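Since the structure comes first, as structure tokens, the remarks are kept for the end.
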Amino acid sequence: MMSIKKFQVTFDCAEPERLARFWCEVLGYVVPPPPEGFATWDDYKRSLPPEQQDAWFACSDPSGVGPRLYFQRVPEGKAAKNRLHLDVRVGTGLVGEERLAALEAECARLIPLGAVHVRTLYADDDNESCIPMQDIEGNEFCID
């Protein structure tokens with residue numbers, strides 16, 4: 001029998017720490033403590049050669065259930081629509097107006113953080129409406 005593997009989701013991005021902190025706010029994730037021997041992440045970064053400073057950052061589910069998110073700096077900008085995106089599940093179990101209200105409330109919470117509301121998709125089935133959005137670097141995700 002094959003065992004289930006843990007995984008992390010990796011984002012290519014321009015500003016790893018900024019994007020990681022955005023996703024911490026969206027998902028309720030936390031920044032892990034700095035590596036052993038360092039009081040802060042800034043202390044750790046200062047210990048690295050300049051070309052490695054701010055090259056990556058990570059955040060994780062404080063309960064340990066969800067995947068770790070890893071953000072790595074890349075030189076090129078985002079050029080096309082993501083082939084993979086996250087669905088932030090805030091409407092699970094809700095239907096109709098109650099579901100739509102939960103989705104819209106989450107959208108309103110994320111906009112001041114820098115998220116962009118792309119559109120609201122209304123489905124014939126009350127359980128399938130969603131709100132496509134973009135994070136602070138233009139990566140698509142959905143409020144679902």
Side-chain angles (χ1 to χ4, degrees), residues 2-36 38 40-97 99-144:
M2 188 176 200
S3 64
I4 294 176
K5 309 290 190 279
K6 285 194 164 267
F7 67 95
Q8 74 178 9
V9 177
T10 301
F11 290 73
D12 290 348
C13 59
E15 298 179 73
E17 183 173 350
R18 181 173 175 248
L19 191 56
R21 291 186 185 281
F22 169 85
W23 280 102
C24 281
E25 291 294 323
V26 171
L27 300 174
Y29 271 36
V30 296
V31 172
E36 191 173 323
F38 297 94
T40 67
W41 278 103
D42 284 339
D43 291 343
Y44 172 73
K45 284 190 258 184
R46 282 192 292 273
S47 76
L48 299 173
E51 67 276 3
Q52 292 179 12
Q53 293 176 5
D54 300 314
W56 65 272
F57 211 77
C59 61
S60 58
D61 177 350
S63 71
V65 175
R68 178 179 188 243
L69 302 182
Y70 184 81
F71 303 84
Q72 61 187 9
R73 185 179 61 217
V74 295
E76 68 278 357
K78 184 175 175 326
K81 184 180 183 315
N82 297 12
R83 299 282 308 256
L84 172 80
H85 69 265
L86 303 182
D87 285 343
V88 180
R89 312 291 317 267
V90 299
T92 304
L94 302 176
V95 296
E97 292 301 315
R99 176 181 169 80
L100 193 54
L103 301 180
E104 289 173 342
E106 184 66 2
C107 178
R109 183 182 79 84
L110 300 180
I111 288 172
L113 300 175
V116 175
H117 175 237
V118 174
R119 66 185 169 277
T120 300
L121 298 174
Y122 302 95
D124 294 334
D125 178 350
D126 288 335
N127 292 326
E128 295 301 322
S129 295
C130 70
I131 299 177
M133 299 188 78
Q134 292 178 338
D135 71 16
I136 58 175
E137 288 203 10
N139 298 302
E140 296 87 8
F141 69 99
C142 289
I143 300 299
D144 162 337

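It should be emphasised that the depicted structure is a prediction, and the values quoted were computed from it without experimental measurement.
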Looking at NZ of Lys81 and CD of Gln134, how far apart are the two atoms once the value is rounded to the nearest 0.5 Å?
-> 10.0 Å
Sequence neighbours left out, what passes salt bridge (charged side-chain N to carboxylate O under 4.0 Å, His left out) with Glu25? Give chain and number order.
-> none
Exercise: identify the closest heavy-atom pair between Cys13 and Leu19 | CB-CD2, 3.6 Å
Contact summary for Cys142 and Cys130, nearest pair of heavy atoms | SG-SG, 4.5 Å
Nearest atoms (heavy-atom pairs only) where Arg109 meets Val26 = NH2-O, 3.0 Å
Rounded to the nearest 0.5 Å, how far does CZ of Phe71 lie from OG1 of Thr10?
-> 9.0 Å
Set of residues satisfying side chain to side chain donor-acceptor pair (under 3.5 Å) with respect to Asn139, sequence neighbours excluded | Asp135
Side chain to side chain donor-acceptor pair (under 3.5 Å) partners for Ser47, two or more places apart = none
By side chain to side chain donor-acceptor pair (under 3.5 Å), which residues pair with Arg46, not counting sequence neighbours?
-> Asp43
Spatial distance of atom CD1 (Ile131) from atom CZ (Phe141) [nearest 0.5 Å] | 10.0 Å
Distance, nearest 0.5 Å, that separates OG1 of Thr92 from CG of Asp144 = 6.0 Å
Nearest heavy-atom pair of Ala14 and Glu137: which atoms, and what distance?
-> N-OE1, 2.8 Å
State, yes or no, whether a side-chain contact exists between Thr120 and Leu103 at a heavy-atom distance under 4.5 Å.
-> no
Do Ser129 and Leu121 have side chains that get closer than 4.5 Å, going by heavy atoms?
-> no
Contact check, side chains of Leu110 and Met133, non-hydrogen atoms, under 4.5 Å | yes
Evaluation steps, side-chain contact (heavy atoms from CB on, under 4.5 Å), between Val118 and Glu140 = CA-CA 9 Å; Val118 174; Glu140 296 87 8; over 6 Å; no
Who passes side chain to side chain donor-acceptor pair (under 3.5 Å) against Arg73, sequence neighbours left out?
-> none
Do any side-chain atoms of residues 49-57 form donor-acceptor pairs under 3.5 angstrom with protein atoms, and if so which ones, sequence neighbours left out?
from  : atom 1 : to    : atom 2 : distance (Å)
Gln53 : NE2    : Lys45 : O      : 3.2
Gln53 : NE2    : Leu48 : O      : 2.9
Asp54 : OD1    : Lys45 : NZ     : 3.3

Rounded to the nearest 0.5 Å, how far does CZ of Arg68 lie from SG of Cys59?
-> 9.0 Å
Going by heavy atoms in the side chains, are Phe11 and Leu86 under 4.5 Å from each other?
-> yes
Is there a donor-acceptor contact under 3.5 Å linking the side chains of Thr40 and Asp42?
-> no
Find out whether Asp61 and Leu27 are in side-chain contact, i.e. whether some heavy atom of one side chain is under 4.5 Å from a heavy atom of the other.
-> no
Where do Arg99 and Gly91 come nearest, in terms of heavy atoms and distance?
-> NH1-O, 3.0 Å
